[in-house]
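Throughout, protein chains are lettered first and strands after them, A, B, ... in sequence-line order, and every chain is numbered starting at 1. Keep in mind that the numbers below use all heavy atoms, side chains included, and drop hydrogens, waters and symmetry copies.
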Amino acid sequence: MAKTPQAIRGTQDIFGADAEAFAFVLETFERVRKLYRFRRAEMPVFEKTEVFARSIGETTDIVSKEMYSFEDRGGESLTLRPEFTAGIARAFMSNGWQQHAPLKLATHGPLFRYERPQKGRYRQFHQIDAEILGAAEPQADVELLAMADQLLKELGIKGVTLHLNTLGDGDSREAWRAALVDHFRAVKSELSEDSQERLEKNPLRILDSKDRRDQKFVADAPKIDQFLSDDARAFFDAVTSGLDAAGVKWTRAESLVRGLDYYRHTAFEFIPDEGSEAASKLGSQSTILGGGRYDGLMESLGGAPTPAVGWAAGIERLAMLVGEKSDPASDLIVVVEDDDRIAEAFGVLKRARSEGFTAEMISGGSPRKRYDKAVKRAPKVILSLQRDMGHSVSHDNLDEPVLSAITAYS
RNA sequence: GCGAUCGUAGCUCAGUUGGUUAGAGCGCCGGUUUGUGGUACCGGAGGUCGCGGGUUCGAACCCCGUCGAUCGCCCCA
């Protein structure tokens, strides 16, 4: 006997209540993105490796270690998409979507990262994603965040706050970065081992270190505000005042950073409040929706400079927060207590479904136990077809609309 | 890549200092009871105790390895 194959590490089979919650997230996203007039797009799940390598920057070990890359038969290196943004940027450039700018896009689907699975983190996971391409003005950031905020509210997720920061424009960002390196280099030997390494590779990341030894130096580290140009400051002010006007609550998060160089200005994450139910459900993977402005990305992919801003959110994480979504009960269950009446049951089912009612049949197992099975599934109406052409209809509500589909039996 | 915990029926779990034929609940199948009925009872199928070595007269239990899961660290586009 062949051994039963196992699922790939970090993949999941989603079913039942989890699948219902997953679907609920998608349905809500689809509804809300229409309210904000974001247009749907579908992208390939794989691209030439360079699409992601160049967007992410070849330096980090993300490229070498964390991506699912492989060679196709022509010897070209391809990669399963680890994020949406790079592929969308590529599509924007290769299809001439500049003509639609400013272009508001929404998409969703599976993404792949070669990581150690843990709570809320899988190798194949799923995100919803929203981007505004070719929009330089801060209103775009506000629009995007207002949609995110409304989405979370409509999902019924509570105890989550928008953490907001600015990375400034290119010059501000560089000046800040240099000041941070100076600041931390001065105390290098007192930093955690991890942060000593970050100092060389990704100094901004020291700011969100979890290590106690780093925290005191983080507290008095230089702030981006000292380095903001007038334009950058005005941009951030426009974003925050726009959020206030749109009724989106936010909090300033001076340590919230993005490691990659193409990020400019706004960076944000929706994070559960400490001690909240949402926080405990998510474990250490706390960000449920994150994004920012990436004005420098298109250039690094060889295109014309194109301002853009976007966010993505993990569907699995959102699904963990939306509460129990059980499979909904059917409107009608037809119980066949006499096997000679199966054909009749099919007729009834066809009628009910044509009229838009959910309906199913129970005709298996011991005839005496079929009715009980139907009762356990708690449908709105049970029609049982019994021996000798008898029947019964049971329901709690005389006005139940589905009764109209089975008038012959009422 | 690193660490901790875990791995017994389809599911949730018991399994006593290692001791004979490995258990329960739920679910599933069949039957009895009820007969407009979500009840109760009886019976049944289903497990080489993740896998491979080792210690022992004897291992689900102890040791080593391996695979997998969970949670955390690193990373987080």
- Where along residues 277-288 of chain A does a heavy atom come under 4.0 Å from RNA chain B, residue by residue in number order?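 Heavy-atom cutoff 4.0 Å gives A:G283, A:S284.
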
- Message: Has A:Q196 got a side-chain atom pairing as donor or acceptor with A:K188's backbone, closer than 3.5 angstrom?
- Response: yes

Rounded to whole angstrom, note down the [atom1] distance from [N] over to [M].
N	M	atom1	result
B:rC2	B:rG65	P	14 Å
B:rU33	B:rA59	C1'	46 Å
B:rA45	B:rG10	P	15 Å
B:rG23	B:rG15	P	15 Å
B:rG27	B:rA4	P	40 Å
B:rC63	B:rG7	P	13 Å
B:rA22	B:rU48	C1'	12 Å

Go through the N and O atoms of the side chain of [X] and the base of [N], and report whether any donor-acceptor pair is under 3.5 Å.
X	N	value
A:R121	B:rC71	no
A:S394	B:rG37	no
A:R368	B:rU32	no

Would you say a side-chain N or O of [X] is under 4.0 Å from OP1 or OP2 of [N]?
X	N	value
A:R198	B:rC75	yes
A:Q118	B:rC71	no
A:K376	B:rG27	yes
A:K369	B:rG35	no
A:K210	B:rC73	yes

Contact class for [X] vs. all strands (heavy atom < 4.0 Å): base, sugar-phosphate, or nothing?
X	answer
A:Q386	base
A:R9	sugar-phosphate
A:Y263	sugar-phosphate
A:H391	base

Do [X] and [Y] have a side chain donor and acceptor closer than 3.5 Å?
X	Y	value
A:Y262	A:T85	no
A:E154	A:Q150	yes
A:Y294	A:E131	yes

Nucleotide [N], atom [atom2] - distance to [atom1] of [X] in whole Å:
X	N	atom1	atom2	value
A:D372	B:rG31	CG	P	14 Å
A:D208	B:rC76	CG	P	9 Å
A:I362	B:rC28	CD1	C1'	14 Å
A:K201	B:rC75	NZ	P	8 Å
A:R370	B:rC29	CZ	P	10 Å
A:I271	B:rC76	CD1	C1'	13 Å
A:Y68	B:rC76	OH	C1'	16 Å
A:K373	B:rC26	NZ	P	17 Å

Output the distance between atom [atom1] ([X]) and atom [atom2] ([Y]), rounded to the nearest 0.5 Å.
X	Y	atom1	atom2	result
A:F84	A:H108	CZ	NE2	8.0 Å
A:R113	A:R123	CZ	CZ	13.5 Å
A:R341	A:D339	CZ	CG	12.0 Å

- Message: Please convert RNA chain B into dot-bracket. A pair counts if it is Watson-Crick or G-U wobble with both distances under 3.5 Å; crossing pairs go in [ ] and bases paired with another strand get |.
- Response: (((((((..((((.....[...)))).(((((.......))))).....(((((..]....))))))))))))....

- Task: Could you say whether A:V375 or A:G10 is positioned toward the 5' end of RNA chain B, judged by the nucleotide with the nearest heavy atom to each?
- Result: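 The answer here is A:V375.
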
- Query: Nearest nucleotide by nearest heavy atom, which residue falls closer to the 5' end of RNA chain B, A:G120 or A:E83?
  - Reply: A:G120

- Task: Report the C-alpha separation of A:S384 and A:E337 in whole Å, then their side-chain angles, then the decisive distance to 0.1 Å, and conclude whether the side chain to side chain donor-acceptor pair (under 3.5 Å) test is met.
- Result: CA-CA 7 Å; A:S384 92; A:E337 297 197 77; 3.2 Å; yes

- Query: Among A:F22, A:F29, A:F112, which one satisfies ring pair (Phe, Tyr, Trp, His ring centres under 6.0 Å) with A:H126?
  - Reply: A:F22

- Hey, can you tell me if A:F70 and A:F46 have their rings parallel, tilted or perpendicular (30° and 60° cut-offs)? parallel

- Measure from the side chain of A:D194, starting at C-beta and using heavy atoms only, and say which of B:rU70, B:rC74, B:rU36 lies closest.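 In terms of side-chain proximity for A:D194, the closest of B:rU70, B:rC74, B:rU36 is B:rC74.
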
- Query: When you look at CD of A:E274, are more than 12 heavy atoms from neighbouring residues, nucleotides or ligands closer to it than 6.0 Å?
  - Reply: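 No, not enclosed.
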
- Closest approach of A:S255 and A:D208, non-hydrogen atoms and distance?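 Closest approach of A:S255 to A:D208, heavy atoms only: O-OD2, 4.4 Å.
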
